[in-house]
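All remarks here apply to the structure that follows.
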Amino acid sequence: MSVDQELILERDKAESAEPVSTATVVAYTVVGALLFGWFLFGWLVLQQGFIDSVGEAAGTGFALLLIVAIVGSVRRSRR
């Protein structure tokens, strides 16, 4: 085994993923259900078209993921 491989293995062990809490899984499930409801509301109630409703729900989901990523990076940098 080379020195590079040993360093990579040590780094991978040190950066192992933390377990995901139950609250996080529940929150993601609730957000997923709300996004699906938002899609159905736009498509069936507002009658704005299938593709437009998919795009709006996907855009909202990506915006929420961006917010989660920013908050996570800020929290991690404070540790």
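Along the sequence shown, the residues carry numbers beginning at 1. All of these numbers come straight from a predicted model, not from anything done at the bench.
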Side-chain cluster (under 4.5 Å, hydrophobic types only) that Leu65 belongs to, other residues: Phe62

Side-chain donor-acceptor distances from residues 24-36 under 3.5 Å, at least two apart:
from	atom 1	to	atom 2	distance (Å)
Thr24	OG1	Ser21	OG	2.9
Thr29	OG1	Val25	O	2.8

Connecting only ILVMFWY residues whose side-chain heavy atoms lie within less than 4.5 Å of each other, what is the rest of Trp38's hydrophobic cluster? Phe41, Val45, Leu46

Of all heavy-atom pairs linking Ser53 and Gly42, the shortest is OG-C, 3.2 Å

Do the side chains of Ile67 and Ile70 join up, straight or via other hydrophobic residues, at under 4.5 Å, putting them in one cluster? no

